[in-house]
Amino acid sequence: MNSPAAIEVRDVRQEFRVSGGMFAAARHVVAVDGVSFSVPAGRVLGIVGESGCGKSTLARLILGLLAPTSGDALVYGQRLAALDRKARARLIQPVFQDPFSSLNPRQTIQEIVSLPLVAQGSFEAPEITRLTNEILDRVGIARAMATRLPAELSGGQRQRVAIARALIIKPKVVVCDEPTSALDVSVQAQILNLLAELRREFNLTYIFISHNLAVIEHVASTVAVMYLGRIVEMNETDVLFRSPRHPYTRALLDSVLTPEPDLGIPDVGLGDAVPDPSRIPAGCRFHPRCRMAVERCQREPPKPDLAAPDEMVECHLANQDNPFQLVGGQYAQG
Amino acid sequence: MSAPLLEIEDLSVTFNERMAAVRNASFRIGRGETHCVVGESGCGKSVSALAVMNLLVSAAKRTAKRLSFAGEDLLAMPEKRMAQLRGNRMAMIFQEPMTSLNPAYTIGSQLTESYRRHKRASQRDATARAVKLMGRVGITAPEMRLGQFPHQLSGGLRQRVMIAMALMCEPELLIADEPTTALDVTVQAQILRLLNELKDEFGLSILLITHDLGVVARVADSVSVMYAGEVVEHTTARQLFADPQHPYTRGLLSCIPVPGKSQRDKPLGSIPGVVPQVSVGFSGCAFRSRCAFADADCAGTINTQTATADHNYLCRLTPTRQKELARA
Amino acid sequence: MVRFILRRAALGLLVALTVMTLAFMLTRLSGDLAISIAGPGATQEDIEIIRKAYGLDQPLYIQFASWISRALVGDLGNSYFFKDSVSNLIAARMPITMTLGLVGLGLALLVSIPLGTLAAMREGTWVDRAVTVVTMIGQATPSFWFGLILMITFGLTLGWLPISGTGSWQHFVMPGIVLAMTATPALTRLTRSGMIEAIASDYIRTARAKGLTRRSIIFKHALRNAAIPVVSIAAVQLGFMLGGSIVVETVFALHGVGFLAWESIAKNDFPVVQAVVLVLATIYICLTMLSDILNALLDPRIRST
Amino acid sequence: AQKSSDTLRIVFRDAVPNVDPYYNSQRTGLILAHTAWDTLVYRDPETFDLKPLLATEWKLVDDTTLDFTLRQGVKFHDGSPFSADDVVYTINLVSSPDSKVSTPSNYNWIEKAEKTGDYSVRVKLKRPTPAALEFFALVVHIYPKAYREKVGPEGYAKAPVGAGPYKITKLESSASVEFERFDGYYDSPKGKPAIKKLVVRFVTDAATELTELLSQRADWIWNLNPDQFDNVNKVPFLQAVRQESMRIGYLSMDAAGRTGPENPLTNLKVRQAIWHAIDRQAIADKLVTGGSRVPLAPCFPTQFGCDGEAAVKYDYNPAKAKALLAEAGFPNGFEVELVTYVLPQWAASAQSYLQAVGIKAKISQLQVAAAIQRAQKGENPLYFASWGSYSVNDVSAILPNYFAGGNEDYSRDPELIKLVQEGGSTNDPAARKKAYAKAIKRVTEQAYWMPMPTYVTTYGFSKTLSFKPYPDELPRFFLAKWN
Amino acid sequence: MSIAISLPPVRVRTFRVGNVGFWIGVAICSVVVLAAVVGNALVPHDPFAQNLNNRLVPPFWMEGSQPDHLLGTDQLGRDYLARLVYGARISLLIGITTMIVSGLIGTTLGILGGYFGGIVDDVVLFLITCRLSIPVVLVALAVVGLLGSSLTLVICTLGLLLWDRFAVVARSTTMQVRSLDYMNAAMCAGASTPRLLFREILPNIASHLAVVATLEIALAILFEATLSFLGLGVPAPLPSWGLMIAEGKDYMFFSSWVIMIPGVTLFIFVMGVNFVGDGLRSLLGAERPR
Ligand SMILES: Nc1ncnc2c1ncn2[C@@H]1O[C@H](COP(=O)(O)OP(=O)(O)OP(=O)(O)O)[C@@H](O)[C@H]1O
Ligand SMILES: Nc1ncnc2c1ncn2[C@@H]1O[C@H](COP(=O)(O)OP(=O)(O)OP(=O)(O)O)[C@@H](O)[C@H]1O
Ligand SMILES: [Mg+2]
Ligand SMILES: [Mg+2]
């Protein structure tokens, strides 16, 4: 791989200080804890993980909305921290989860979509209008809607507007943070299809965050599984789904309920311990919930095991032969 | 088959006499059966459930040809009697475990409240029962949890508490309104598994509301698919996935990416347009604006069709005709 | 807990220092204090003597420093007008203002919580609208005007209550009502919106689904939550009431701290003005702290994080 | 309360922070002082004659020496006997600057007092002081030496003891004072009080105070708004009485240019225009009412030396005022600040008269203390205020205040200063009269300081009460009785 | 410090006719504004012209009234209607100017604190706390008492004292808006900080500020009335309604109209402003600020 990676994240760490309420000391939440990966241009990196594991925080770091506590994020070889907002905007754009809070309720669709161009300050008004109309056509929003306010649009339409805003400036990378989880399934399919088309058309690189494994499998070329602020496993989508190596990935895959009657409900076996980013367990951070955990897991945090540039797992037991007692086994069976 | 526990016939709910949230919905739930109501957001699932419990807000008006629970007519039932049923013989849990518990009271006091009221039990007995049930729903160290406040519990635990609370009085019917939507997939699986076990153990009938066809497939005995306030298809779970009849159901099934089966470079099937808001006086098929097969006649009255004995759907077109049209 | 209180105390001290500085600057706005202390008809020599006697000939920052350092140990100086120590004066009058404030607050809570609850339970109906209008009337009525009207009605026409002074508990009824009126609208609205929020909340739906009685739903489940902000704000309201009691004390001739302040302003008796501003600010700071603690005690979410 | 319980309930607006007569400068304080304390001499309110009180005789030995012979057998409220020690103690205490008394100017003419016998005292004055005895009658109240030394000034203020007709039985600082008839009171010209108890309360707000009276929770109030006079009289159980007082209003003009040398008021014609512009008689008749007069000279007409004939007269003549203004170079008038603390409607009225001739006066309505302070700093171009001469019936209680070069002198006229000092530095009545007449002429000629209408005090009290007001604004409750 | 408020997502709602209170309020305020602007041209009397021979004439519904003095005359014989109408101008001036001064201070502080957070926010919170701990009436009285009352001083004093609510509301709404995704999107779109503040934040908190603004107007007018009542408000002869009440107070027993007329007018106007504020609140969907 000679071309520079579209995105390269090096050992980023993000801490938040949250006041612990009135009577407790402030706590440090480690939302992202030493994450590294790189995404070659034109690929889609899917990130999965349960709620609160740091997916959105990672997205915000990559977008430059947060300055990492340590580490560095690069887009096409440029350090985000060194770029100004305008330059950053030309490189990378977001699509957020909630189509209701991601559009300014006091601006018309036209204003919202053209914002990245206007903010650049180097575009003439007629050109802005032309480009806005073009992109609205492309995402399937009628031009007549351009003068409306977001409140008059449905959720799917709003998400289309958000996509139009992200793409109008022709960025190289788009970060989609759960772009469909607030939408109905029928609309979700529309948006996923649109995103796929646009990626091909504009030759984009995506970071695609979701907690829906089925969606991730559908869109991503590489998948990273996050747990409590770290990527615990990362691999080519097909490989990961076929032969997961981390027990947490395993559990995630097991709990997916496919629309197949008579399979019953799998026993995921994770117990009721709650991952808390302000109290990260010593040793392997997954060990309190891991049914495979051995004594070593409580002591020693596993080192990332890098088989290939985009193949990684972080588990003491990953390289032992057939380490897991496979349960349910819907994927392993093929 | 014995008499169904809950019978709903032509249930309609309107808001402010303008919005028709539920229109002529009918379905039955037998004893010990899990019935799923599935549909997209806003199609009237929750409102139907609340209508059964008579918990609708005052702006809502409910009408039905028949609404009976264990042979008792719920329509004419006075509120007092209804309150005696609620939490006692029919219990309900909600989607949001985070906000459904009163933040100001301990888990213990909230758990025992309904038992004390309905069973006239002492605090002591109620607490004992609560501890037992909490153990049953998989809460570790139940005695400790009794004194805790809701915010000290994780989402999955709270939902377990909600379930324990619903089971306190050994209800016959449990209505669960999207009990796992707000939870992580791993927790969802645990909760659903628990519900399944409890059903067998207590002989519960469950009315489970969801928008996830995966959940339907795994837990339901029978299913109602709702669209814009109507039940467009009503059948057993196996039938639904093997042989869906309504164009909407088919569309829905084609929309969802199925793990292990999807092809990344091929677009997903999708239904154009959005779910309409239907007002009072609407007639015809609500799906016609999004339906590939619709014609002028779809604006007229649609009759329920029967595919097999327990398979009804609401469409003019037979599956054969649909297939023909699709090919054309 | 200790940490929290220490932090708050530090903040409070900082605020108090700022208020002190402001108060000091404020009273020096008017220029030469020696002249006003000397009083009418004083000669230039008298004024010079007074300037020396009171230390007014020293540079401003020295005066300020000495005032602060003495205030920190509780010595608030001497009143020029009352010829008494300011601490004594305030201590003698604080009970009246405190009584008045507490009576006012009590009455306000007594009215606003039921009224707000009622409005919330009948949201959107004429009852709700009537309550809204009542709170707005309360907000739009100048308190001195209301005081005069009460005085005419209950003191003069009906002769039920004493008009001014502090002899008995009856003396605090009318002033208390007037003071309560200033706080009632805010508290009523707060109760109402809190109750509406509570009633619409998921946990109330849960309570209904459990088949609880209406009374237990409203009073046990809803009101408890709606009352948390009200009760904790009440402490802060008391602070505002003490600050706002000037008008009431003047109208009803209650010789409390507010009235003392008013007299001192009129007489240019700046050590008293300074001290009253400082004392009221300190009370306010303590009350907000109390309010936070109260809030934490009432709300388990804050109490036990 | 009231007649049935032989208690007179009095309400004052102006609270007295400290009832010790020397430590407040208020009229109310003076009234209370005369209720509970006695002075050496008594001034008969009817005739203004001086009568023996604690002193039975007095003699002016020379221009600066006064000898008093004291009454024997007098007791203070605590039962201790009165003697020369008390007098010497009091006078020496209050005339020393260290005492920090509230109105040092009332006592700073006293050099010292000496005991010349158990019941005789000699007082040395710093300078000839014609009104000395008036001061002794009005503002020199005698302390019981032994008691005050025992309890100290603060203790004394909390439980004061005097030798007056009433003793103080209860005291709540600036809220209320209760008096009871002193049964050991000697046979004094003040007489034995008829009413057993007095309850004095302080209610700042005039409307509240009036409510107290109307609701029969108070028996006596004063300083009613003059417009209330007829109304109160219509109330069946109340009566209103008015009495002109020695207080006169005045409009001081900055002729000396203290607020700025280019000040239009430094121009004589402008000042004369102002004298012509204001219809003082109308203000007296319509606003002050009750027999208010417009003094011709800058003093109260009954005061010794207040010679109205010597004054130059100005009629109300807006046309002439305008003409004078034009002559002075202000055909379109000018803007000026009018500082005041008098009743707003009076100031407003003066303002609107000035407006009518083109002078736009901006009113700064201040509290008394603040206004006085500004006046003393020389910051008031036009200043509408009042002066009550401490009820001293002599122009030496007013003219030196405004024309002898002091803080409130806005004319700063050397000739005038000389004349006023001349009148005050001799005890010879004729010489004084002559000097004062010249001074009055000078003031009015130069239109420096314009007397406004005299004040009329309005009293409102229960019909069951027999009470007689006097021009010296000193209500004498020891003379009141129930009918 | 418990001065955070919560608010629902800003929803744009179209104005609906149907909020009766709002329209009553608008009507009242329009009348007052109209009176303030053109009123004195319509009333035949000069509000300052005294006539000592014609004092305390009762209003038209009472015995002894005079046809050309519709509301009678005051204690100096000045036409009461003319003064009332002129008073509308004064009261409005005080209300609006104070609101602008305090609005500018409070909104600036609030937005800065809410947007930048961190130290800036700590400073803003500290200022708000200081401000709240100062007893307003007392300090306003002291300032006016010491410096001498004038219209400008009253406005400045009130403006400098009454910004707390603006700051609290601006701060908490800004904080909430700031955390919404459209702010993130605008940042990612490359918008500059001024653009974020003025185009993204300000329009979205404007409705909340509008509600505060109306309440502030009412508050300022009432405060001025209080100062006037205590003798330290707007100096005579400017007829602010508060001053008219204070001037008429002595007459309240025997000529009650002199206090009733300005009192009722003041009350109705403040009511009207509150109605507008309340209406705005529900029309704009803004939560009620405390
Ligand atoms: N600004 C912040 N201040 C404090 N804590 C934060 C902040 N943002 C995120 N966190 C914490 O960091 C952790 C990771 O949050 P993040 O939003 O990245 O999770 P997520 O994986 O996106 O979850 P979800 O699936 O619910 O969106 C959480 O525990 C969250 O509470
Ligand atoms: N209180 C209410 N007032 C007015 N309309 C309401 C109210 N509650 C529900 N509705 C309307 O009724 C319709 C059905 O709502 P319902 O809550 O049953 O949907 P749902 O199927 O449960 O959707 P979701 O999956 O989002 O929970 C919706 O269109 C909604 O707008
Ligand atoms: Mg997220
Ligand atoms: Mg629902």
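Convention: sequence-line order gives letters A, B, ...; per-chain numbering from 1. Because the structure is a prediction, the values reported are computed rather than measured.
When heavy atoms are compared at a cutoff of 4.5 Å, A:Ser154 approaches chain B solely by way of its side chain, counted from C-beta outward. Of the two parts of B:Leu252, only the side chain, counted from C-beta on, holds a non-hydrogen atom closer than 4.5 Å to a non-hydrogen atom of chain A. If you measure heavy-atom distances from B:Ile256 to chain A, the contacts under 4.5 Å come from the side chain alone. Contacts of B:Val216 with chain A are absent, with no heavy-atom separation under 4.5 Å from either backbone or side chain.
Using non-hydrogen atoms only and a strict 4.5 Å limit, the part of residues 179-189 of chain A facing chain B consists of A:Asp184, A:Val185, A:Ser186, A:Val187, A:Gln188, A:Ala189.
Pairing each heavy atom of B:Leu268 with each of B:Cys255, the nearest pair is CD1-O, 3.7 Å. B:Ser205 and B:Gly32 get closest at one heavy-atom pair: OG-N, 3.0 Å.
B:His234 has its ring centre no less than 6.0 Å from the ring centre of B:Tyr313.
By the side chain to side chain donor-acceptor pair (under 3.5 Å) test, B:Thr180 is found to be paired with B:Gln188, residues two or more places apart in sequence or in another chain being considered.
Ion pair B:Glu96/B:Arg158 not flagged as a salt bridge, since none of the NZ, NE, NH1 or NH2 atoms sits closer than 4.0 Å to an Asp/Glu carboxylate oxygen.
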Please assess A:Arg43 against A:Thr205 for the test side chain to side chain donor-acceptor pair (under 3.5 Å), listing each intermediate value before the final yes or no. CA-CA 5 Å; A:Arg43 309 263 300 174; A:Thr205 308; over 6 Å; no

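No other option in B:Gly42, B:Ala189, B:Ala237, B:Gly214 has as many heavy-atom pairs under 4.5 Å with chain A as B:Gly214.
Summarising the local packing, CZ of B:Arg290 is surrounded by more than 12 heavy atoms from other residues, nucleotides or ligands at distances under 6.0 Å.
Classification of the B:Tyr248-B:Tyr227 ring pair by plane angle, with boundaries at 30° and 60°, yields tilted.
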